[in-house]
Number of protein chains: 4
Amino acid sequence: MPRKPNTAERRSQIVAALLAEIAVQGYARASVQAIARRAGLAPGLVHYHFRDKEEILLELIASLARVARAREAALAAAATTPQERLQAWLDARLASGPGAAPDAVAAWVMIGAEAVRQPEVGRAYRAVLNEELAALTGCLQACLAARAKATAQAPRLAAGLLAFMEGAFQLSSAARELVPEGFAAGMAMQFALRCIDAEPPAGRPAREDAV
Amino acid sequence: MPRKPNTAERRSQIVAALLAEIAVQGYARASVQAIARRAGLAPGLVHYHFRDKEEILLELIASLARVARAREAALAAAATTPQERLQAWLDARLASGPGAAPDAVAAWVMIGAEAVRQPEVGRAYRAVLNEELAALTGCLQACLAARAKATAQAPRLAAGLLAFMEGAFQLSSAARELVPEGFAAGMAMQFALRCIDAEPPAGRPAREDAV
Amino acid sequence: MPRKPNTAERRSQIVAALLAEIAVQGYARASVQAIARRAGLAPGLVHYHFRDKEEILLELIASLARVARAREAALAAAATTPQERLQAWLDARLASGPGAAPDAVAAWVMIGAEAVRQPEVGRAYRAVLNEELAALTGCLQACLAARAKATAQAPRLAAGLLAFMEGAFQLSSAARELVPEGFAAGMAMQFALRCIDAEPPAGRPAREDAV
Amino acid sequence: MPRKPNTAERRSQIVAALLAEIAVQGYARASVQAIARRAGLAPGLVHYHFRDKEEILLELIASLARVARAREAALAAAATTPQERLQAWLDARLASGPGAAPDAVAAWVMIGAEAVRQPEVGRAYRAVLNEELAALTGCLQACLAARAKATAQAPRLAAGLLAFMEGAFQLSSAARELVPEGFAAGMAMQFALRCIDAEPPAGRPAREDAV
DNA sequence: CATGAATGAGCTTTCATTCAT
DNA sequence: GATGAATGAAAGCTCATTCAT
């Protein structure tokens with residue numbers, strides 16, 4: 001008389017609990033007991049559904065990436081121009097307002113720190129960032145192309161925006177009062193447009209740009 | 001015939017050991033024992049010179065801020081124009097090459113994560129960032145003024161560059177291979193110059209800028 | 001098929017072990033390790049069942065109070081007159097012979113010392129003494145009333161007997177050979193009866209008694 | 001060039017500091033460092049003047065006994081009758097008002113607890129109590145003799161009063177609000193007088209007293 | 001005599017993980 | 001699937017005592 005499996009549900013409960021714990025405690029101090037308590041489960045159950053604590057973290061990383069992509073997809077639905085698509089991409093990650101998830105942002109900051117230490121976590125973290133980078137590069141290339149500009153600098157600019165994004169997460173988690181409320185999305189767009197506009201037309205080398 | 005105090009020396013030994021440990025382990029896992037071992041001291045001695053682990057961290061934060069300012073002072077010595085001064089400020093934090101301290105960068109990332117959790121650490125972290133912000137704003141205002149541009153956007157731009165800086169630290173610690181080697185200082189300068197050049201002349205409102 | 005909870009049993013095991021340790025070591029030196037060892041448990045288990053050491057102590061205080069009341073109930077079962085009830089009350093606490101628990105007495109002395117230091121312990125300690133005082137006052141009032149004497153002095157006399165009781169515990173723990181073997185119960189009764197007999201009949205003021 | 005020895009002064013400084021610490025912390029938690037700090041001395045100096053912590057405690061015990069005897073001597077100076085001398089003895093230990101030293105009382109309670117544990121402390125503690133008992137017995141015998149009563153019960157009564165005294169110390173340290181303010185000296189005298197008055201004249205056996 | 005750094009054992013507490021039920 | 005007790009290895013911190021100066 002097999003009961004119907006609920007592993008998927010349990011796993012996401014646990015991942016959500018880790019998200020909440022990690023956002024305020026950091027990973028090292030997010031104890032399995034606390035995760036279980038927050039998820040409303042018995043402690044032992046956590047290790048039934050996950051091999052160890054790291055595995056929960058890895059799933060959380062994947063989950064956060066999925067959420068960001070989903071928010072972007074929603075925002076991008078109405079976009080028609082490359083610039084609108086870029087805007088959607090940035091807003092999905094950086095805009096305040098509905099859909100913003102401060103806990104997720106704080107958790108991501110903690111994950112970034114943990115990525116330095118745990119090789120497996122580092123791999124997962126970089127895999128996510130790599131996809132972000134690729135997508136962002138694509139957006140930027142489209143914008144540049146739409147303006148008949150050279151696209152060679154797109155990867156570099158994407159890396160710059162990614163760094164800005166990570167730093168904005170950091171500041172919004174740990175130093176919210178130091179930066180203007182909700183400035184991140186606008187600032188990112190500003191950086192992007194300024195650099196795009198300054199790019200020379202396609203076909204010509206971009207020598208003087210090597211700042 | 002009292003033994004002569006050596007607390008200052010011991011304290012900096014211990015702070016240096018915490019820096020090294022935190023860079024690879026994070027704060028929570030940088031055990032006092034490991035710190036002592038790395039500093040070549042008996043475990044108990046750490047708590048003779050510091051009330052608790054947090055106090056070491058607070059001193060480390062202050063110490064890192066001092067180091068950054070010192071590096072900047074050295075670089076800024078030869079600067080004559082506002083733009084060179086800005087360059088010195090950014091290079092002191094972001095340039096690779098001599099004076100770059102990957103351990104310090106990684107430690108700072110860990111501190112940023114810890115700042116979310118420990119209120120006292122958060123305060124110290126924000127105090128440092130606040131000073132950075134003020135100094136950077138000053139550099140930007142000088143650059144804008146030198147070009148006869150409105151300076152109103154300087155604080156916002158400074159916040160943007162600070163976020164980029166923090167994010168660049170993060171990426172260089174946890175995802176070095178995703179970003180071009182040593183691109184951070186150049187990218188920051190590019191963001192800054194593009195935005196500065198795009199500012200309208202002083203005296204005219206900057207309406208269309210509210211990106 | 002959950003394992004059935006045994007917390008109640010474990011907790012009383014641990015409390016009993018603390019009683020034994022505290023009686024010879026005092027609270028500060030009754031280490032959790034030693035408690036666990038004496039209870040035959042793994043060290044970590046103590047903190048699974050109790051938040052911290054203080055919580056064990058608080059439960060021990062409650063437990064000792066329960067034991068005293070139980071012994072008294074047994075002795076008072078056969079009592080018919082108020083004086084016999086008083087005797088039962090005093091014997092339950094002070095008599096040597098069967099039911100006497102030197103360890104509990106020594107533990108209570110240590111608890112009294114600890115009550116000076118730990119506010120929460122002080123509260124629990126005073127709560128128990130307060131109940132003792134109320135019960136004893138009741139016994140004394142009944143005795144006085146049975147002899148048609150004024151009962152106004154009952155609270156004061158009860159406080160005096162309570163002090164004697166605490167002191168007798170102290171001496172029997174730390175200076176047994178200085179006091180006659182098993183004299184405490186008799187001495188307390190003697191104090192009580194002498195004072196009761198000396199009280200003036202009810203209805204008349206007891207002025208000359210204000211010693 | 002020998003400096004003039006100040007050992008005696010230093011020792012009493014240290015003893016006084018232990019008194020203050022022990023009164024609020026208990027002996028086990030009165031750290032040598034804290035004692036030194038309170039005495040305004042360097043930590044190492046404590047072990048120059050005392051072999052170890054226990055030795056300080058032993059001297060404190062002796063010191064407290066001396067203080068009690070000194071206060072008694074002052075009060076007894078004006079006493080002419082045995083009863084006045086008894087009063088002086090009890091007041092010296094139990095009266096509130098000038099000369100009362102709550103810290104000393106609390107310290108004595110802590111010492112009583114420690115006496116259970118440390119054999120050497122126990123010996124010193126009992127030695128003091130033994131002298132107290134002898135002196136008190138003497139007072140009581142004198143009172144009884146002055147009234148032409150049998151003195152055989154004096155030791156027993158003295159033990160009872162001593163127990164009351166120790167218990168009054170305990171209550172005044174840990175449960176001050178449970179007992180009437182400043183009732184101890186009066187209560188002790190009341191116990192004493194009631195029992196003295198109830199004693200039969202000398203020369204006749206005291207059978208009915210075997211309560 | 002005096003200083004204060006140094007030592008290392010021992011303390012309470014936390015926690016990932018295991019496992020009997 | 002689920003429970004919650006159990007384990008034992010750390011962790012941070014305290015402290016009596018020693019000792020070079």
Side-chain angles (χ1 to χ4, degrees), chain A residues 1-7 9-10 28-37 41-56, chain B residues 1-7 9-11 28-36 41-56, chain C residues 1-7 9-11 28-36 41-56, chain D residues 1-7 9-10 28-37 41-56:
Chain A
M1 197 169 30
R3 15 185 134 185
K4 94 171 186 297
N6 57 355
T7 294
E9 185 193 340
R10 286 279 181 263
R29 263 172 281 238
S31 79
V32 172
Q33 320 258 350
I35 294 167
R37 201 179 318 123
L41 303 174
L45 205 49
V46 172
H47 278 87
Y48 180 84
H49 291 292
F50 288 93
R51 188 171 18 81
D52 54 21
K53 221 177 107 177
E54 189 185 73
E55 198 187 271
I56 318 177
Chain B
M1 242 170 287
R3 172 185 284 209
K4 81 162 183 286
N6 62 349
T7 295
E9 186 193 336
R10 284 280 179 267
R11 282 177 71 100
R29 260 171 284 239
S31 81
V32 172
Q33 301 267 347
I35 294 167
L41 303 175
L45 200 51
V46 172
H47 282 93
Y48 179 80
H49 291 292
F50 288 92
R51 190 171 17 82
D52 54 21
K53 215 178 117 179
E54 188 186 74
E55 200 187 83
I56 318 178
Chain C
M1 244 171 284
R3 172 185 284 209
K4 82 161 181 284
N6 61 349
T7 294
E9 185 192 338
R10 284 281 179 265
R11 281 176 73 98
R29 260 172 286 238
S31 79
V32 173
Q33 301 266 348
I35 294 168
L41 303 174
L45 200 51
V46 172
H47 282 92
Y48 180 80
H49 290 291
F50 288 93
R51 189 169 19 78
D52 54 22
K53 218 178 115 177
E54 188 186 75
E55 199 187 84
I56 317 178
Chain D
M1 197 167 37
R3 15 186 136 183
K4 92 171 190 299
N6 57 356
T7 295
E9 186 193 338
R10 285 280 182 266
R29 261 172 282 239
S31 78
V32 172
Q33 320 257 350
I35 294 166
R37 201 179 316 124
L41 302 174
L45 205 50
V46 172
H47 279 87
Y48 181 84
H49 291 292
F50 290 92
R51 188 170 18 81
D52 54 21
K53 221 177 107 176
E54 188 185 76
E55 199 188 270
I56 318 177

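Just so you know, these numbers come straight off a predicted model, no measurement behind them. Chain naming here is simple, since letters A, B, ... match the order of the sequence lines and numbering starts at 1 in each.
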Quick one: label [X] by what it contacts on the DNA or RNA (base, sugar-phosphate, nothing), any heavy atom closer than 4.0 Å.
| X | answer |
| --- | --- |
| A:A30 | sugar-phosphate |
| C:A34 | nothing |
| B:V32 | sugar-phosphate |

Can you tell me how far [atom2] of [N] sits from [atom1] of [X], to the nearest Å?
| X | N | atom1 | atom2 | value |
| --- | --- | --- | --- | --- |
| A:K53 | E:dT17 | NZ | P | 8 Å |
| C:I56 | E:dT13 | CD1 | C1' | 12 Å |
| D:E55 | F:dT17 | CD | P | 11 Å |
| A:R37 | E:dT14 | CZ | P | 11 Å |
| C:L41 | E:dT13 | CG | C1' | 17 Å |
| B:H49 | E:dA6 | NE2 | C1' | 8 Å |

(request) Could you provide the dot-bracket string of DNA chain E, using ( ) for intrastrand pairs, [ ] for crossing pairs and | for bases paired to another strand, with Watson-Crick or G-U pairs below 3.5 Å? (result) .||||||||||||||||||||
(message) Between C:L45 and D:L45, which residue's closest nucleotide on DNA chain F lies nearer the 5′ terminus?
(response) C:L45
(request) On DNA chain F, check which nucleotide each of A:G44 and B:H47 is closest to and give me the residue with the more 5' one. (result) A:G44
If you only use heavy atoms from C-beta on, which nucleotide in [options] is closest to the side chain of [X]?
| X | options | answer |
| --- | --- | --- |
| A:S31 | E:dT13, E:dC15, F:dA5 | E:dC15 |
| A:P43 | F:dG4, E:dA5, F:dC15 | F:dG4 |
| C:A42 | F:dT7, F:dT17, F:dT3 | F:dT7 |
| B:Q33 | F:dC13, E:dT13, E:dG4 | F:dC13 |

Could you list the donor-acceptor pairs under 3.5 angstrom formed by side chains in residues 42-50 of chain C, with sequence neighbours left out?
none

(request) Please confirm whether the backbone N or O of C:E55 pairs with a side-chain atom of C:D52, one donor and one acceptor, at under 3.5 Å? (result) yes
(request) Keeping the roles fixed (side chain from C:K53, backbone from C:S31), state whether a donor-acceptor pair exists under 3.5 Å. (result) no
(message) Would you say that C:T7 contacts C:R10 through its side chain, given a criterion of any heavy-atom pair below 4.5 Å between the two side chains?
(response) no
N/O (side chain, [X]) to phosphate O (OP1/OP2, [N]) under 4.0 Å:
| X | N | answer |
| --- | --- | --- |
| B:T7 | E:dA5 | yes |
| A:R10 | F:dA2 | yes |
| A:N6 | F:dG1 | yes |

(request) Please figure out whether C:R29 or C:R51 has its closest DNA chain E nucleotide nearer the 5' end. (result) C:R29
(message) Between the base of F:dA2 and the side chain of A:Y48, is one N or O donor paired with an acceptor at under 3.5 angstrom?
(response) no
